[in-house]
Structure formats: structure tokens, C-alpha cells
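Below is one structure, written out as C-alpha cells, with a few remarks after it.
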Amino acid sequence: MDIIAGLNTPQKEAVETIEGPILILAGPGSGKTRVITHRIAYLVKECGVRPRNILAVTFTNKAAREMGERLERLLGGSARELTLGTFHAICARILRQKGEEIGIDPHYVIYDDEDQLSLMKQVVVDVGTSMRFDPKQYPPRHFLSKVSTAKSQLVSPVQYPDQSYADKMVRQCYQRYEFLLGQSKALDFDDLIARTVQLFKERPETLARFQSRYHHVLVDEFQDTNIAQYVLTGQLAGKYRNICVVGDPDQSIYTWRQADIRNILKFEKDYPNAKVVLLEQNYRSTKNILAAADKVISVNVQRKKKKLWTDNEAGATIKVVLTHDEQEEAQFVVAEVERLVKERALSLKDCVVLYRVNAQSRVLEDAFVRFGVPYRIIGGTRFYQRREVKDMIAYLRLAVNPHDTVSLRRVINVPQRGIGQRTVGDLLNWCGDKGVGAYEALALAAGSDTEGPFTPRSRKVLAEFYSILKDLTGASKEQTASETLKMIIERTAYDKYLLEDEDGEDRWENIRELTTVTHKYDHLDGQESLTSFLEEATLATDIDNYDGKADAVTLTTLHQAKGLEFGAVFIVGMEDKVFPHARAFDDADEMEEERRLCYVGITRAKKLVYLLHAERRSFLGSTANNIPSQFLKDIPEHLISRAGTRSETGTPGASSLNGWVSKSPGLQEPVAAPAAVKLDLGLADRVRHEKFGEGVVVAIAPLSNDYQVTVAFRGAGVKKLILSYARLEKVG
């Protein structure tokens, strides 16, 4: 196989430049994943580099999985010798191997967001008592955010400033949080990076071994790295300096996760001999989509200029749609999706609805449910965050590390075994007084008739729980993850506990699915099986479970859509203070990031882009008349087709589809809806719908130039339909 066959000229240059630092500025849809995989294949096949000497870092497990599959097709089995994964996954493995050198227990557990919040709640109570402030007035998430920012900037608790009382509060919480993490033998997500950097700083001989191994370091999505990740990358590439970073400043949208756009902007300064390659040819979108995206992003200052271009057709114009409110906005989206599907222009899975914040999804979900259109959400309750799954994960973590206080508190009385909140409080207070962890205190209470402030009854149930944990920790050293999970279910009678609830069958199905997942680790020996499963389960993200094959419309935030592509993109809420977000109006840097987010959203589209804004919107507890998003003004009129249920002056306007002519191949010219819809239905009329069958009209509400008809169908339940699109037929 010719590794560079089919690559364009800049792509070939990026693949064949193998010595020294290289910055690849890759616009959306420019084939960057192909460049990275072919560059790795070129290093192995053409340059004789051993796969084990290559480190490739991605930002999601999904991206790592897809890259691994591509590399197996290019390199065969030798691709498995590569070090390929996310920053967190790679650092987790390094710390398992070498973390003991800086005092990290090899059986440490990783605390996810929910675990961190649970721990910080305890911290705020503890520190509030010592500093004499009311913990109810200070949300734990505030302190958690401050601590996360400090860790991502490699600022330790000792280094944290204490110039003000607010600083002192954060510093005290940070110190207490770290102490409790250590007591539980746990690390949080930020620790995985920061402690690896610490390991390499304090153990130069260990760093030297990793530097000698990795002759080539490649980092994808470099614009999303934080300071700690930037330092870590420099450490690993410090010997050979064959560092290849791929990214696009125009797609840097994760400042709230401490991503620092300056990392990619200053790369050439830190690596003066770096070669820069621009990937500007877009293979995804039409010319009109790229032109609109370019106009939006060109206003920004913090960027490296590039000009996306494509050999694709001009395509359809950008559809800017004005609706009366968020209800009409959602109904329009559903109706337009149904039209596209009916005309066979696109399938449901080709359509995505993007919004700025998760709270906007409720109205959209209601509309998709009412009209019976299949959809799926990225960013809902993840599988590993479901209550019953979290319970089992907590037990499994305790089997590996019984010192995990957060997990212990979660399941100490799940299923109920007579250990009430008072007994738990007594246990935690007592272990604090004795200066030991909860597990050590539990062992003391279980092994004595006098230790601790416990009644004979509470001591008995604590001893029973301790016995379960002791058996689990012993068995987990020899058993696989699936065997340990089976043992937990049997020892706790968790199946019986679940099935007693009304929704127990559904919850038990989740446990059965978890069992299926654990079987994937049966090929590993004993505790390695369980440790590997827990690590991957904790590091899983929403996007990792995205199924692009399911025929359903995708609903997700603009942030979650990064890395995906669709035939048609609907961006709702295009209004000032919604998108761009209200807080961006007081901060120029945040406004630039909002603009980058808009750019990312538009460039997810292959054929069609719909930008929707409402005349008024009920949102986050209030209703307001909104100004159209300033981003809409950046798009030239010749790239836009305007439509909607309202005109730009707020008066009834053209119908949602009237006058639109698609220029994309395979898309038929839409049928125009009437400018004024005649109402020939009344309450209690019997009607028939081609999909929902027969029903009775129970409500009629006027829209700007249409009607919303609520029908109670015999088999399909109550549906709210737009009259001009519902094609209701009177019966009798």
C-alpha cells in the first residue's frame, strides 16, 4: 500500500516531514485524522521506526478507537504496539507503573465528577467548621472549579495564593481535599496529568526512560491542551524533539475545562525551528457553508489566519429562520426534519440539532416525542452514571481499594442493611478523631466490643459490611472483573433489592449490560482485569458511546458536537444572551470563544445549515424578547435565505418553507406551505392521521400563520401537530 497515495500536497508534506517539531494547522473537514494515521504508518513502513517508539495522544476515547482501527488496516497487528490514547488514559497507565516513586498507591482509584463533588461537599463542611463560615452559602462546585484550575496550571495547595479571605478559603479547601484524596488512595482527573508531570520532575531517571522510548510524539486537538498537558508533552518529547501537534485555534472551545489557546498560538515561539503546514482544503462542506463559517470566525483576533476552500459544489444557502417562541422553533425543526426524510434528501441520522446549553433540550425533546420522530441525546445520563451502575462500580472499586471513602459512603447501606445516617456519621466522625480512614475505623469497630461510639446492634451491622468488603478485596486479587461483579451481586442480594422496585426490571437490565461489559476483560489476569475495567469505565465520556448508525436525529450541545459531522445542522437559540452566552458580553476572550463555538457548529454540516432564532423565549425561569445573535449579522445576505413563522419586523411572515430552493444534488425543491392556513376543524372532531391513526381534536391554538392542533389518538396518545403539515383527515 502506498502510504501517501491520495493525499493532497499539504497532507503529503505533513506526512513526510518526520524530523523536528511540526505544527499542522488543520481546518474542519480537512482530513487531519487521515494525516495523523498516515504519518504514523509512514514512520513505521517507510522510515523503519518501531511502533513501540511512537506515542499518539487524542482527546477522546472515541477518537483513539477510530484511529486505532485505521492504523490496524494500515499496519496490521503491529499497530497494537503503539502507545495510543487520551492524555488521561496514558497518564493513568504511567502512574500504575511508576506512581509509587512519588507515593501513589498502584491500586489507586480514579474519582469522576460525581465522586469529586461528593468529596468536596464533605470538605466544605469540614473547612467551614474550622474557618467559621456557613457551608450552605458556598457551593462545592465553586471550590472544585478553583481546585481544578489550580491543578491544570500545576499550582499545588502550598503555592495557592492567600492574599484575600476568598483565597484562604479556597486554599484551605484545596489542602483538605488533597488530604482526603490521599486518605482514600484516590486521584481525580486533573491529578492524572499533574502527578505525571510531578513524577517526571522529581524522578528525572524515570523521565529519561520514557523520553528514550518515544522517538516520535504526536498530539491531536492541540488547541484543547491545558498548561499541564503542554508541559507533559514537552517533557516526553524533550530528547528527540520530534513532536507533531495538530490543531486549529479556530476550534478552541474548552476554556471552561482549562484549555489554553495560547499553547497552539505560541508553539512556534517555544519551538523556533518548527515547520508549519496548513490543511485548508475541506472535504466535508459546501462552498456556501464554508463562506458563512469564514465570515463568522474572521472577526476573531486570537487566531492563525487560514482560508478554507473546497472542490465541493456551492450548495444551498444558509437558512436563517425566525419563529415566535421556542415552542414554534422546536416544531419547525421537527417538521423540517420530517420533510427532508420524506423527500429522501436525508435520513434521520443525517440530522443534528445543536444548542448552547443542555437546558434548551427539553422543548426539543417534547416536540420530537409529540410528533413521534426518533431522536437520541448526547450528554444525558451516561450509562456509568446511572444509580445502580454507580453502586456496582463503587463495590468494585472497594474490592480493589477498600480505603475509597466516597465509594464506601455510597454503598455502606445499599442494599439496606440497617446502617443509618447516624451510624455512618458516628463512624466518619470517629475515624476523623482517630486520624485514620473509614476502612481502618470500620475494621476497628468490627473487631472490638468497645472501640468506637457504637451500640451493639450498629456494631453488628458494621461488622457484617466489613466482612463483605474483606471477602471482596481478597477475592479480587484472583478473580476477573466479571467474577467479582457476580460475587458482589450474590453477597449483597442486589438483584432482589432492585427487582422489588417498580422500575426494577429496567434497572436490572443495566446491571446485566454491565456484566456484559466486564466480560470484555476476562482475558486479563485477576486484578488487572478489574483495574483495567474500572479505569476505562471512569474515563468514559458522553461522546464515546455515540452510535452514528442508529437512525435517529441527534440532539446535543455545540461543545459535544466537536469531531462529528452531519448532512443537516440545526442550531437553535441564535439570540444574544443565549448564543452568544450572556456572560460573554463582559469578556472579550469569552466572546471570541463563543464565536469559535459558532464556527464549529456551522462546519459540522455537509449540505444544509439552519440557524434559528425566536422573537421571544422562555428560558431559565424567565421570558424575554431577544435580539438576533450578532453572529447572524456577520454572514453576508447573499449566503442567506430567510424564512420562518415571523418576519424580521416581528409581524407574521412567510411560511417556513415558502420560497426555498435547494441547490444541493439529490435534494428536491420543497413544496411551499400556504401563506395562510384555513381552519376547517373544531373541538371534538374525529380525525385520521397517516401515522397515528384515528383520534379526537381536544385543543386548537392559533400560531402566527398556522394552527397547533392537539389530538388524542387511540393508540399513539396525545399529540400536538402543526395543521399545515399534519395532513389530518376528518372522519365522519
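Each residue takes its place number in the sequence, starting with 1. Values below: every heavy atom of this structure, side chains too, minus hydrogens, waters and symmetry copies.
- Looking at S152, its side chain does come within 3.5 Å of a backbone N or O of T149 through a donor-acceptor pair.
- With sequence neighbours excluded, no residue forms a salt bridge (charged side-chain N to carboxylate O under 4.0 Å, His left out) with R195.
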What do the steps show when you test V49 against H216 for side chain to side chain contact (heavy atoms under 4.5 Å, CB included), and what is the final call? CA-CA 9 Å; V49 178; H216 292 268; 3.9 Å; yes

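- The side-chain hydrogen bond (donor to acceptor under 3.5 Å, both in side chains) pairs that include a residue from residues 290-301 are D294-K307, where partners are two or more places apart or lie in different chains.
- In this structure L207 satisfies the side chain to side chain contact (heavy atoms under 4.5 Å, CB included) test together with F200, Q211, Q235, sequence neighbours excluded.
- Residue pairs that meet the salt bridge (Lys or Arg N to Asp or Glu O under 4.0 Å) test with at least one member in residues 111-122, sequence neighbours left out, are D112-K390, E114-R410, D115-K390, D115-R397.
- Side-chain contact annotation: K606 with T286, donor-acceptor N/O pair under 3.5 Å absent.
- Scanning for side-chain hydrogen bond (donor to acceptor under 3.5 Å, both in side chains) contacts around R356 gives E594, with sequence neighbours left out.
- No donor-acceptor pair closer than 3.5 Å links the side chain of E536 to the backbone N or O of F533.
- Pairs passing the side-chain hydrogen bond (donor to acceptor under 3.5 Å, both in side chains) check and including a residue from residues 10-19, sequence neighbours excluded, read E13-K275.
- Considering every non-hydrogen atom in both L232 and V197, the closest pair reads CB-CG2, 3.9 Å.
- The pair E66-K62 counts as a salt bridge, with a side-chain nitrogen and a carboxylate oxygen less than 4.0 angstrom apart.
- In the displayed structure, R209 atom CZ is contacted under 6.0 Å by more than 12 heavy atoms of other residues, nucleotides or ligands.
- A 4.5 Å side-chain heavy-atom check between F210 and L55 finds every atom pair outside the cut-off.
- A donor-acceptor pair under 3.5 Å links the side-chain atoms of T556 to the main chain of I378, judged by distance alone.
- In this model, a donor atom of one side chain and an acceptor atom of the other lie less than 3.5 Å apart for N263 and T225.
- Inter-residue side-chain proximity for L43 and I54 is flagged as met; some heavy-atom pair is nearer than 4.5 Å.
- Here F143 pairs with nothing under the ring pair (Phe, Tyr, Trp, His ring centres under 6.0 Å) rule; sequence neighbours left out.
- With a 4.5 Å cut-off on side-chain heavy atoms, R284 and P28 count as touching.
- Between the E593 side chain and the T255 main chain, a donor and an acceptor come within less than 3.5 Å of each other.
- The main-chain N or O of I297 is never found under 3.5 Å from a side-chain atom of R595 such that the two would form a donor-acceptor pair.
- In terms of heavy atoms, Y111 sits closest to Q116 at O-NE2, 2.9 Å.
- Salt bridge absent: D248 and K304 never bring a charged side-chain N and a carboxylate O closer than 4.0 Å.
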If you look only at distance, which donor and acceptor atoms sit under 3.5 Å apart when one is on a side chain in residues 84-92 and the other is two or more places apart or in another chain?
residue : atom : partner : partner atom : Å
T86     : OG1  : A89     : N            : 3.0

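- By the side chain to side chain contact (heavy atoms under 4.5 Å, CB included) test, I627 pairs with D576, sequence neighbours left out.
- Using modelled atom types, no side-chain atom of E575 and backbone atom of P628 make a donor-acceptor pair closer than 3.5 Å.
- Of the inter-residue distances, the one linking N282 atom CG with T603 atom OG1 reads 8.0 Å to the nearest 0.5 angstrom.
- Across all their heavy atoms, D634 and V296 have their closest contact at CB-CA, 4.2 Å.
- In the displayed structure, R262 atom CZ is contacted under 6.0 Å by at most 12 heavy atoms of other residues, nucleotides or ligands.
- Side-chain contact annotation: S148 with Q258, donor-acceptor N/O pair under 3.5 Å present.
- The residues D190 and K151 are annotated as not salt-bridged, no charged nitrogen and carboxylate oxygen being separated by less than 4.0 angstrom.
- If you check the side chains of Y283 and N8, you find a donor sitting under 3.5 Å from an acceptor.
- Using modelled atom types, one finds no donor on one side chain facing an acceptor on the other under 3.5 Å when comparing T554 with Y375.
- Every residue two or more places apart in sequence or in another chain was checked for a ring pair (Phe, Tyr, Trp, His ring centres under 6.0 Å) with Y174, and none qualifies.
- Using a 3.5 Å distance cut-off with no hydrogens or angles, the side chains of T206 and E101 do pair a donor with an acceptor.
- At distances below 3.5 Å, at least one donor-acceptor pair connects side-chain atoms of R596 with backbone N or O atoms of S252.
- In summary, E535 and R96 engage in a salt bridge, as defined by a charged side-chain N under 4.0 Å from a carboxylate O.
- R141 CZ: 12 or fewer foreign heavy atoms inside a 6.0 Å radius.
- Open room surrounds NZ on K146; 12 or fewer heavy atoms of other groups in view lie less than 6.0 Å from it.
- Side-chain contact check for M169 versus V127: every heavy-atom pair is 4.5 Å or farther apart.
- Checked against ring pair (Phe, Tyr, Trp, His ring centres under 6.0 Å), H215 has the following partners two or more places apart in sequence or in another chain: Y240.
- Among residues at least two apart or in separate chains, ring pair (Phe, Tyr, Trp, His ring centres under 6.0 Å) pairs with a member in residues 260-279 are F222-F267, F267-Y271.
- For D404 (side chain) and A186 (main-chain N/O), no donor-acceptor pair under 3.5 Å exists by modelled atom type.
- Within the 4.5 Å cutoff, the side chain of I22 has heavy atoms near those of the I24 side chain.
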Show your reasoning for whether salt bridge (Lys or Arg N to Asp or Glu O under 4.0 Å) applies to R171 and D162. CA-CA 7 Å; R171 182 170 175 156; D162 61 352; 3.5 Å; yes

